Amino acid sequence: MPGDVLTATIESARTLTSDVREIVLAPVNTPPLNYTPGQWISLRLPIGDRPPLIRAYTMATPPAADGRLTLCFDRIEGGLGSEYLWAVEPGNTLEFSGPLGNFILPESGDLVFVAQYTGIVPFRAMLLGLAGDDAFARSGRKVHLIYGARRREDLAYHAELRAMAATVSWLDYRPVVLEGATADEAISGSETDVLEAFAREWLPFTPMLCGIREFTFPTRALLIETFGFERRAVKVENYNGPTAR
Amino acid sequence: MAGTNPYISTPEYEKPKRPYEITIIYEGEPHTFTVRPEEIPYERSGLPGSILDICEGHHIALEHTCGGVCACSTCHIIVKEGWDSCNEATEDEEDQLEEAPGLTYRSRLGCQCVPNGTQNVVIEVPRWNRNAVKETPHD
């Protein structure tokens, strides 16, 4: 049940960029979690004045037969949850519940994924799932992925995504960076620059956006105001709450 | 990333400027506290000064599986009194609220609902929301 509290052992951890890390969890004494790519689990971290501190993290891979869960997160300076997770080591245990969330693939039509920084995580799980789906490959559906960060080295999973785009016909990968773009590695500019330039030729599609609100909200506004999407037709997953006065 | 973001500088709610009284009805029992502006935020979940923040700061275990970032509906609460002193729900909050069981016209997400202190507030945590999580489509 999604509400049950489960336990997992940290099996491995690796650093993907200067401030992004990936950990692999091996759930203890429980059958493999049956989730849909794009869903998240709720970690119950043993920290803070009154633990547990609850934080949500999206799985970075589709369900694995052995039940292992891969999470990817960025380090936020002063962020209780991310600082704690950054320091966990293999052998440590974590409590969690889930899976949860409705940011999942629609069943038909072309897709445009727009991600910034660790907003790539649910899309990576979806893409890995689609890469193993022969029916999707035969369907003629396309996925356009716009993935941005400040610098090329901030793009977690970039090499993997490039390799995937080179081997499957349905994926169109558009990495975009603000600084130091080289023509063979990434486009120079912002995610919305790329979206604005190409969205019309990609229509019709379902847009899916993931990142912090300061990124997803203006991107959604662009899709609504420039390309005529209904607000609810734009699927959005935010990683943070609203701003405060 | 690039460009000027119109949302970063836009305030979405107003924190209280004076103390006010809040009653949380939890498992049928009323718990009354005084919320003092200088004590906000109490914890690290939900908007500062939100019902979730206040509950966390007063040992009331309001569910919030997403960590209080408006990505689920498990912190569903009902505002029984003081509705006009609470910030307006955004469309994104309303989208999440639609997933909550037992929705009412006075329903809010605890992580997003911030009273501004101009009225005392009475909040009910629905019994059906205790330890509830959103069931999502999966095989």
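The sequence lines fix the lettering, A, B, ..., with proteins before strands; numbering per chain opens at 1. This is a predicted model, so every value here is computed, not measured.
Interface residue A:Leu53: only side-chain heavy atoms are found under 4.5 Å from chain B. Contacts between A:Arg231 and chain B at a heavy-atom distance below 4.5 Å involve the side chain alone, from C-beta outward. Heavy atoms closer than 4.5 Å to chain A are found in the backbone of B:Glu56, but not in its side chain.
B:Glu63 CD to A:Ser42 OG: the interatomic distance, rounded to the nearest 0.5 Å, is 8.0 Å. B:Asp92 CG to A:Thr216 OG1: the interatomic distance, rounded to the nearest 0.5 Å, is 7.5 Å. Rounding to the nearest 0.5 Å gives a distance of 9.0 Å between SG of B:Cys66 and CG of A:Leu100. Rounding to the nearest 0.5 angstrom, the gap separating the SG atom in B:Cys75 from the CD1 atom in A:Ile54 is 12.0 Å.
More than 12 heavy-atom neighbours from other residues, nucleotides or ligands sit within 6.0 angstrom of CD on A:Glu179. No more than 12 heavy atoms of other residues, nucleotides or ligands lie within 6.0 Å of CD in A:Glu107, so this atom counts as exposed by the packing criterion.
Pairing each heavy atom of A:Trp40 with each of B:Ala71, the nearest pair is CZ2-O, 3.5 Å. Considering every non-hydrogen atom in both B:Gly67 and A:Arg55, the closest pair reads O-NH1, 3.6 Å.
Of the charged side-chain nitrogens involved, at least one lies within less than 4.0 Å of a carboxylate oxygen, so that B:Glu98 and A:Arg232 count as a salt-bridged pair.
Of all residues spanning residues 61-83 of chain A, those with a heavy atom less than 4.5 Å away from chain B's heavy atoms are A:Gly78, A:Leu80, arranged by number.
Checked against side-chain contact (heavy atoms from CB on, under 4.5 Å), A:Ala87 has no partners two or more places apart in sequence or in another chain.
A donor-acceptor contact shorter than 3.5 Å is absent between the side chain of A:Arg50 and the backbone of B:His59.
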